[in-house]
Amino acid sequence: MFFSRMLIPTLKENPAEAEAVSHILLFRAGMIRKLASGIYNYLPMGLRVLRKVERIVREEMNRAGAQEVLLPAVQPAELWQETGRWQIYGKELLRFKDRHGRDCCFGPTHEEVITDLVRKEVHSYRQLPLNLYQIQMKFRDEMRPRFGLIRGREFLMKDGYSFHVNEADAEACYQDMYAAYNRIFQRCGLRFKTVEADSGPIGGSFSHEFMVLAETGEDLLASCLACDYAANLEKAEVVPPATASGDAPAGSGPEEVATPDVRTVEEVAGFLNATPAEIIKTLIYETEKGPVAVLLRGDHEVNEVKVKNLLAVMDLTLAGAGRVQELTGGEVGFAGPFGLNLPIYADQAAAAMTTAVTGANKTGYHLVRVNPSRDIVMTQVADLRAITAQDPCPRCGGNIEILRGIEVGHIFKLGLKYSKALKATFLDEAGQEQFIYMGCYGIGVSRIVAAAIEQGHDGQGIVWPLALAPVQVGLVPISLNDQATKDAVFSLHDGLEKAGIEVLLDDRDERPGVKFKDCDLLGIPLRVVIGPKTLAAGQAEVRHRRSGETVMVPLGELLQYLQGCIRHELNEKG
RNA sequence: CGGGACGUGGCGCAGCCUGGUCAGCGCGCCUGCCUUGGGCGCAGGAGGUCCCCGGUUCAAAUCCGGGCGUCCCGACCA
């Protein structure tokens with residue numbers, strides 16, 4: 001591969017519109033270009049990386065017994081109406097009409113299509129189980145695409161669906177996929193964490209997400225330092241407080257105190273000379289089942305997913321200022337659990353407090369010396385807050401650390417949701433008609449490209465894991481005007497290619513400095529420099545991108561040396 | 001969808017407040033010379049509906065109104 005003939009438009013300056021490192025570097029390295037918000041062109045080098053990820057995913061999926069298919073990107077509305085998602089999905093679903101006026105959408109996911117295929121072709125338990133996957137462009141009309149490839153509207157995804165005669169069989173498949181996913185991300189050379197995830201309204205006993213660890217990740221996860229427990233923050237259980245609740249505080253009951261213009265937890269704490277942990281905050285939420293109040297200790301954060309799951313609601317929104325006034329009688333900042341005509345859900349930590357400060361539902365007033373178990377009528381006490389680094393691990397009691405990650409994979413059991421909606425059934429051994437049990441497994445292929453950069457970069461540019469690099473070796477001649485150098489470098493290029501090594505020869509009429517900069521920016525793992533001086537010594541200089549380490553290698557041993565580096569690097573990752 | 005910002009040669013920006021003298025700078029690109037171990041130097045050159053529409057004005061990149069696009073924060077996310 002010759003640099004001079006490739007479309008690799010590298011840039012010296014950062015693009016104004018990019019903020020995330022991966023976005024900036026993909027852009028500067030000439031790997032992607034934006035066509036519209038959240039929609040990108042992949043240029044040759046970017047596409048090569050994407051293909052590398054695809055290839056690893058394919059190999060491991062196939063190895064795990066899955067079969068590749070390719071489903072249509074454009075789907076008819078009828079299927080979505082059958083599952084009811086045509087109505088539910090919202091504006092994220094890109095809808096349009098064909099020339100006949102039929103409603104269509106660009107597929108954001110393919111449960112409908114795959115289930116339709118299977119219901120038509122599978123009728124007997126003898127045909128099951130079946131594990132089908134595809135690697136395909138999806139389109140989700142995100143309200144806010146961001147961070148380049150991390151959250152685009154159009155993105156490449158591997159989505160797989162499995163079909164089973166029963167839940168036990170689905171679970172076995174889930175375990176296979178779990179193992180396959182771990183192999184995939186390992187082979188991609190990523191530092192990642194497998195975490196328990198919220199399975200959402202679809203239910204199912206478990207769900208896992210695969211998170212690439214990066215400071216810039218959009219997701220938070222809790223990970224135990226002592227055992228292997230790790231969970232998405234949305235999911236991580238909080239251990240109930242050890243102190244027994246119900247001890248009445250010494251002295252009298254709730255007392256109203258004037259707290260003019262004191263609204264936030266911090267303000268209340270400061271004003272009453274208390275700590276946030278001695279305050280109960282009352283959040284008023286709107287749901288499709290009506291408004292509710294949620295009680296939390298002042299220093300804790302609500303976990304809305306837990307609240308949603310407890311209430312079994314889809315919509316959960318903090319009430320606006322007007323509604324709060326209407327429902328509590330006080331302005332925002334003075335809501336409390338007394339005299340509310342609402343169901344009250346208390347987090348277990350709030351419920352266990354012995355003496356607390358709450359709002360008085362009257363602007364300018366709070367109540368002190370509140371004992372929740374004695375004074376507050378609580379509809380239900382539950383785990384409703386987000387875990388913190390101060391909480392113990394719910395499994396072993398060890399210390400928890402909170403990490404950031406980028407979700408690159410998600411597996412979960414779908415159960416019968418789609419097979420019931422679409423009537424996908426089979427006849428079992430007894431001739432009984434049964435619904436097919438399903439599983440679902442996704443990988444954000446294009447997102448992995450970006451995630452790898454978020455995790456692998458330095459001041460000079462991208463630092464690819466060898467398995468994902470667009471090419472393995474960058475070959476840089478110091479001067480092409482020197483005939484000996486020119487000859488050496490071209491024959492070396494051919495030799496390496498023949499040996500199956502991916503090499504990019506920088507044959508441009510540029511100064512060495514320019515080539516070094518671009519080589520670093522592109523993140524090519526191994527750089528071979530040939531110049532009159534090294535040539536005279538019968539050697540080549542090999543530089544490792546990640547470590548910056550430079551070694552002189554005799555020309556005769558170069559191929560072997562490079563092969564050794566590549567093999568070592570790839571094998572180490574499984 | 002709420003909040004904030006931006007839109008000027010391919011890219012990054014200045015100019016706008018205080019209308020004219022303003023279309024400019026750096027990078028990139030083209031030609032030539034020179035140079036060749038970390039984005040070199042010199043000389044010459046090409047390239048712009050100043051996002052769009054409308055208004056104010058003798059005069060608009062600049063002021064006003066509307067629209068479109070893009071980015072950032074938030075909400076949202078099988």
Side-chain angles (χ1 to χ4, degrees), chain A residues 9-20 23-24 27-28 30 33-39 80 83-85 88-93 107-115 138-148 150-153 155 157 159-161 197-204 207 209 218-219 232 234 304-305 308 314-318 320 407 410-414 417-418 438-442 444 447 459-461 476-482 485-486 506 508-521 527 529-535 541 543 548 550:
Chain A
T10 58
L11 260 27
K12 280 188 192 175
E13 286 173 294
N14 288 347
E17 63 186 24
E19 195 77 12
H23 191 188
I24 291 172
F27 209 94
R28 278 192 54 202
R33 286 293 184 264
K34 188 182 69 177
L35 180 61
S37 180
I39 300 178
W80 288 73
T83 57
R85 289 211 290 181
I88 297 167
Y89 214 96
K91 284 145 290 175
E92 219 176 288
L93 182 63
T109 177
H110 285 70
E111 283 87 0
E112 278 81 0
V113 174
I114 194 82
T115 309
K138 301 268 195 269
F139 192 93
R140 292 182 193 171
D141 204 352
E142 298 273 352
M143 346 187 158
R144 193 183 153 208
R146 52 181 140 179
F147 309 143
I150 292 181
R151 183 171 293 268
R153 292 195 292 171
F155 56 97
M157 183 171 180
D159 52 324
Y161 309 88
D198 180 64
S199 44
I202 294 165
S207 168
E209 286 169 341
E218 291 184 275
D219 287 286
N232 190 310
E234 293 176 346
E304 296 191 349
V305 173
K308 274 188 191 176
M314 297 288 288
D315 293 327
L316 186 77
T317 344
L318 270 176
E407 181 188 345
H410 195 169
I411 57 177
F412 55 88
K413 293 197 291 185
L414 280 176
K417 180 181 160 110
Y418 294 95
M438 291 174 61
C440 175
Y441 321 95
R447 184 180 275 186
Q460 295 304 306
V476 178
I478 290 302
S479 168
L480 286 167
N481 292 333
D482 179 61
T485 303
K486 189 173 179 180
D506 197 339
R508 294 176 300 170
D509 181 22
E510 291 285 358
R511 297 169 60 83
V514 173
K515 301 183 182 183
F516 294 152
K517 288 286 184 189
D518 276 344
C519 201
D520 287 349
L521 181 60
R527 187 184 76 193
V529 180
I530 304 279
K533 279 176 244 167
T534 65
L535 217 47
E541 176 198 287
R543 187 164 183 272
T550 300

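Everything numeric here is computed off the predicted structure, so don't read it as measured data. Order of the sequence lines fixes the chain letters, A, B, ..., with proteins taken first and strands second; residue numbering starts at 1 for each chain.
The side chain of A:Glu541 lies closest to B:G37, out of B:C71, B:G38, B:G37. Here B:G39 is the nucleotide among B:U36, B:C71, B:G39 with the atom lying nearest to any side-chain atom of A:Arg28. Ranking B:U36, B:A78, B:U70 by closeness to the A:Ile478 side chain, first place goes to B:U36. Picking from B:C1, B:C77, B:C29 the nucleotide with the shortest atom distance to the side chain of A:Met143 gives B:C1. With B:G38, B:A78, B:G39 as the candidates, the nucleotide lying closest to the side chain of A:Tyr418 is B:A78. Listed nucleotides B:G39, B:G37, B:U36 differ in distance to A:Phe516; the shortest reach to its side chain belongs to B:G37. Closest to the side chain of A:Arg543, out of B:A78, B:G38, B:U35, is B:G38. Comparing atom distances between the A:Ala16 side chain and each of B:G39, B:C13, B:U70 picks out B:C13 as nearest. The listed nucleotides are B:U70, B:G39, B:C72; the one nearest the side chain of A:Val514 is B:G39. Checked against B:C29, B:C76, B:G38, the side chain of A:Glu304 finds its nearest nucleotide in B:C76.
Taking atom P in both B:G38 and B:G32, the straight-line distance is 26 Å, to the nearest Å. Nucleotides B:C11 and B:A5 are separated by 24 Å at their P atoms, to the nearest Å.
Below the 3.5 angstrom threshold, one finds a donor paired with an acceptor across the side chain of A:Arg527 and the base of B:G38. At a cut-off of 3.5 angstrom, the base of B:G28 holds no donor-acceptor pair with the side chain of A:Glu13. Between the side chain of A:Asn14 and the base of B:G12 there is no donor-acceptor pair of N/O atoms closer than 3.5 Å. Residue side chain A:Asp482 does not reach the base of B:U36 through any donor-acceptor N/O pair under 3.5 Å, judged by distance alone. Residue A:Arg140 places no side-chain atom within donor-acceptor reach of the base of B:C77, judged by atom type and a 3.5 Å distance cut-off alone.
Across all strands shown, B:C25 is found opposite B:G12 as a Watson-Crick or G-U wobble partner, with both distances under 3.5 Å. Base pairing of B:C68: its partner is B:G7, meeting the Watson-Crick or G-U wobble criterion (both donor-acceptor distances under 3.5 Å).
Ionic pairing of A:Glu13 and A:Arg28 is not present here: no N-O contact between side-chain nitrogen and carboxylate oxygen is shorter than 4.0 angstrom. At a threshold of 4.0 Å, the pair A:Arg543-A:Asp520 counts as salt-bridged, since one of the basic side-chain nitrogens sits closer than that to a carboxylate oxygen.
The separation between A:Glu17 atom CD and B:G10 atom P is 15 Å, rounded to whole Å. Separating the CD atom of A:Glu19 from the C1' atom of B:G4 is a distance of 13 Å, rounded to the nearest angstrom. The CZ-C1' distance, from A:Arg508 to B:C29, rounds to 14 Å in whole Å.
Residue A:Lys12 has a polar side-chain atom (N or O) positioned under 4.0 Å from OP1 or OP2 of B:G28. Phosphate contact (OP1/OP2 of B:G74, side-chain N/O of A:Arg146, threshold under 4.0 Å): present. Considering only side-chain N and O atoms, A:Ser37 lies under 4.0 angstrom from the phosphate OP1 or OP2 of B:C71.
The 5' end of RNA chain B is approached more closely, in terms of each residue's nearest nucleotide, by A:Thr550 than by the other of A:Pro145 and A:Thr550. Closest-nucleotide positions on RNA chain B for A:Leu480 and A:Cys440 were compared, and the one nearer the 5' end corresponds to A:Leu480.
With sequence neighbours left out, the salt bridge (Lys or Arg N to Asp or Glu O under 4.0 Å) criterion links A:Glu218 to A:Arg146, A:Arg151. With sequence neighbours left out, A:Ser37 forms a side chain to side chain donor-acceptor pair (under 3.5 Å) with no residue at all.
Across all strands shown, A:Thr534 has heavy atoms under 4.0 Å from base atoms, whether or not it also approaches the sugar-phosphate. Residue-level contact check: A:Lys34 touches the backbone only, with heavy atoms under 4.0 Å from sugar-phosphate atoms and none from bases.
Geometrically, A:Arg447 does not engage A:Phe155 in a cation-pi contact defined by less than 6.0 Å to the ring centre and at most 45° from the axis.
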